[in-house]
Amino acid sequence: MRKRRKRIKRLIARLVVLLLVLSLIAGALFGLYRLTKHLFFNRTPIQEDEKLFLSPPNEEILFVRPNAGIFISDPQARNIRQLTSSNDLAPSWKADGTGFYFLRQNPARELHLMYYDYKSGQLSESSLATFNMMELPNPEGDMIKISPDGKSIAVSSYDWGIQLIDVSTRKIVSRSFDQIWNFWGFISRNSKFCLLNTRPHPKPLQLISGAGASSAKNSLWLCETDLRTMKLIDESDQSFQGVSFSMNGYTFAYSRNTQIYYVDSIQQIKPVFVTDGIQPAIRPEVDPKKYRLIKPFWADFDISNLVGMLSWSQDEKEYLVWATPNYLSFIDLNKQLINPYVEGKKKEAYLGWKLMDFQLSDINGNQKKELLTSWWPGGSGKGAERISFFSLDTTSNAIKEIFRSQGKFRNTVQIIDSNQDGIKDVLNMYSDVSGEGNTALDALIWTDVYTWDGTSYQLSNERFVHVYLELVETYRSFLAQALRDPDSYGSGLVFIRQLLQQANAILDQEKTR
């Protein structure tokens, strides 16, 4: 009995020791986990003293004077120094501010990647890589940046969007903004603020009439990264040429009309002219490990090509719509979600070549605004390849297409009360004569009329006889002219007769009622 008790005591003692050892191991593993998370996965940025809204001491702004080189200046332009003297572009600081990379263009229009050691004042003796203008398009633009380690270059253009180029291979490795969102200085180091630049197409084409006009101004906005607060900083008829936050997150520089401006307090936005130049880059002066940029929830949308931004309020909910030349994205500010607009079974996101009209207007009298959009095909096209209207469904937090133009080419739309009944209709005018080879046919336009039925726009040509009476007269005039010179019109004769038959069919339908 005594031996049995001893065995039980020894067993209990061993269990206690085992539990203590396991507890020590678990504690050590948990401590190691917390340390690893703190060192490598802690994404909470360091917050500065928010009372320090003014610019930090010894702030320096790197910038370019086209064809003259790269310069550096304090915000008051008391000390402007020239660092290089060639046709240099795209200055991009290393993360610690000890030097910067840039591109040097030679007379043969080749682009050489160079490095300038700011501490020693020494320029690299030879280029680190050489590119042609096809590999790095738009190097003088506002959206080109070299990565802090000099291993890749991001460049964006209105027509082609984002391209991330690997320096060693000179190949495009990504076309996603998600891969390069932290290259540019448009997000403050404390991750609280961002600078957004909207750049509508400069061609003054309005393809939707009768519902107001889209803004043709280039606009610079200061936003909180959650997009709940936005302030208009500046506007211009020309594109802005670069932005840069300082390290404390409360001051920034930007270029407008080839001039550098500086804002020394985001509490009181008062841009002050500094000097002539483009592509400003404020020198980082702190340990780059101090600030851990948090990727904003919208970073997978190409804001380097942002051509439109609209606030859309409905049913006491707040949304944003963003547009690039080719894509739309819908932002739910309450849920902090961004949803690219897609359509079709294959979930296509591409909508058209160059966005022109982009506005909100209540066109059907339902006391809710609709999003009106048009895409221009470029070139000599006189109309849109696509015109679409969208409504907002706050139940599903999504946008829904309620109208799309029918013509393949040269669409325009008029929003007008065409039969004077107090309700606006949509007249879609278009020409589908591409490839006919006769410019005289360009003016040969067909018109479809749509009416609002409470949920969508329905084709209602037969209700608008006066529209087709006018078209019949136009087509008859065209046909008479073509018959006098049939060799010049060729197959266009058949097309004119088809349009005349379509218009007469609508009139005949009305007569038989």
Side-chain angles (χ1 to χ4, degrees), residues 50 187-188 191-198 200 208 210-215 217 219-233 235 266-267 269 294-301 303 306-324 327-343 347 349 351 355 357-374 387-404 415 417 422-426 450-458:
E50 297 192 13
I187 292 183
S188 65
S191 298
K192 288 184 177 181
F193 306 102
C194 60
L195 291 163
L196 299 179
N197 179 13
T198 58
I208 300 173
S214 301
S215 172
K217 293 281 189 180
S219 303
L220 182 64
W221 298 83
L222 173 67
C223 311
E224 294 188 7
T225 47
D226 63 7
L227 303 179
R228 294 182 184 277
T229 302
M230 295 186 292
K231 293 181 182 179
L232 180 62
I233 304 302
E235 291 183 309
I266 63 168
Q267 280 192 320
I269 306 295
I294 298 175
K295 183 165 70 171
F297 70 91
W298 39 263
D300 59 349
F301 191 74
I303 65 119
L306 197 63
V307 299
M309 178 171 62
L310 295 172
S311 297
W312 199 345
S313 301
Q314 186 173 301
D315 300 334
E316 299 183 347
K317 294 183 179 181
E318 299 294 330
Y319 305 91
L320 283 177
V321 183
W322 280 358
T324 72
Y327 304 96
L328 291 178
S329 209
F330 181 68
I331 302 170
D332 185 333
L333 295 180
N334 181 49
K335 294 183 178 180
Q336 295 285 280
L337 293 175
I338 181 167
N339 299 310
Y341 177 75
V342 296
E343 56 192 12
K347 299 298 182 182
L351 298 172
L355 183 74
D357 294 278
F358 184 68
Q359 62 189 106
L360 291 172
S361 180
D362 179 11
I363 58 172
N364 51 30
N366 65 353
Q367 309 305 311
K368 296 179 180 179
K369 290 184 177 181
E370 288 75 44
L371 176 65
L372 314 182
T373 57
S374 71
I387 296 175
S388 291
F389 302 164
F390 300 91
S391 64
L392 170 58
D393 184 350
T394 55
T395 302
S396 61
N397 291 330
I399 56 177
K400 174 186 176 183
E401 187 178 46
I402 57 174
F403 169 80
R404 183 186 299 189
I415 300 170
D417 184 2
I423 300 176
K424 290 185 177 181
D425 311 299
V426 174
Y450 295 82
T451 56
W452 178 250
D453 69 355
T455 57
S456 64
Y457 281 96
Q458 300 296 323

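All values reported here derive from a predicted model rather than from experimental measurement. Note that these values count all heavy atoms, side chains included, but never hydrogens, waters or copies made by symmetry.
- Checked by atom type, the side-chain pair E401/S388 shows a donor-acceptor distance below 3.5 Å.
- Without hydrogens or angle criteria, K400 side chain to D393 main chain gives no donor-acceptor distance under 3.5 Å.
- Aromatic ring pairs are classed by plane angle as parallel below 30°, tilted from 30° to 60° and perpendicular above 60°; the pair F330 and Y319 is parallel.
- Put simply, the side chain of E343 reaches to within 4.5 Å of the side chain of L351, judged on heavy atoms.
- Looking only at side-chain heavy atoms (C-beta outward), K424 and I363 stay at 4.5 Å or farther from each other.
- Counting heavy atoms from C-beta on, the side chains of T373 and I387 never come closer than 4.5 Å.
- Using modelled atom types, one side-chain atom of Q314 and one backbone atom of L392 make a donor-acceptor pair closer than 3.5 Å.
- A donor-acceptor contact shorter than 3.5 Å is absent between the side chain of D315 and the backbone of K317.
- At least one side-chain heavy atom of L371 sits under 4.5 Å from a side-chain heavy atom of L328.
- Between F358 and S214, the shortest heavy-atom distance links the atoms N-OG, 2.8 Å.
- Residues I399 and S391 have side chains not in contact (no heavy-atom distance under 4.5 Å, counting atoms from C-beta outward).
- Here the closest non-hydrogen pair linking D300 and I338 is OD1-CG2, 4.0 Å.
- Of the residues F403, Y341, Y457, the one that meets the ring pair (Phe, Tyr, Trp, His ring centres under 6.0 Å) test with F390 is Y341.
- Below 30°, between 30° and 60°, or above 60°: for W322 and F301 the angle between ring planes is between 30° and 60°, a tilted geometry.
- Put simply, the side chain of S311 reaches to within 4.5 Å of the side chain of M230, judged on heavy atoms.
- Shown here for K368 and D362, the closest heavy-atom pair between the two residues is O-OD1, 3.2 Å.
- Considering all non-hydrogen atoms of both residues, A349 and V342 come closest at CB-CG1, 4.0 Å.
- In plain terms, the two heavy atoms of S313 and E318 that are nearest each other are OG-OE1, 2.6 Å.
- Checked by atom type and distance alone, the side chain of S374 pairs as donor or acceptor with a backbone atom of D357 at under 3.5 Å.
- For the pair L306 and W221, the minimum side-chain heavy-atom distance is 4.5 Å or more.
- When all heavy atoms of F193 and L222 are compared, the closest pair comes out as CB-CD1, 4.1 Å.
- When atom types are taken as modelled, the side chain of Q359 and the backbone of A211 share a donor-acceptor pair closer than 3.5 angstrom.
- For T225 (side chain) and P296 (main-chain N/O), no donor-acceptor pair under 3.5 Å exists by modelled atom type.
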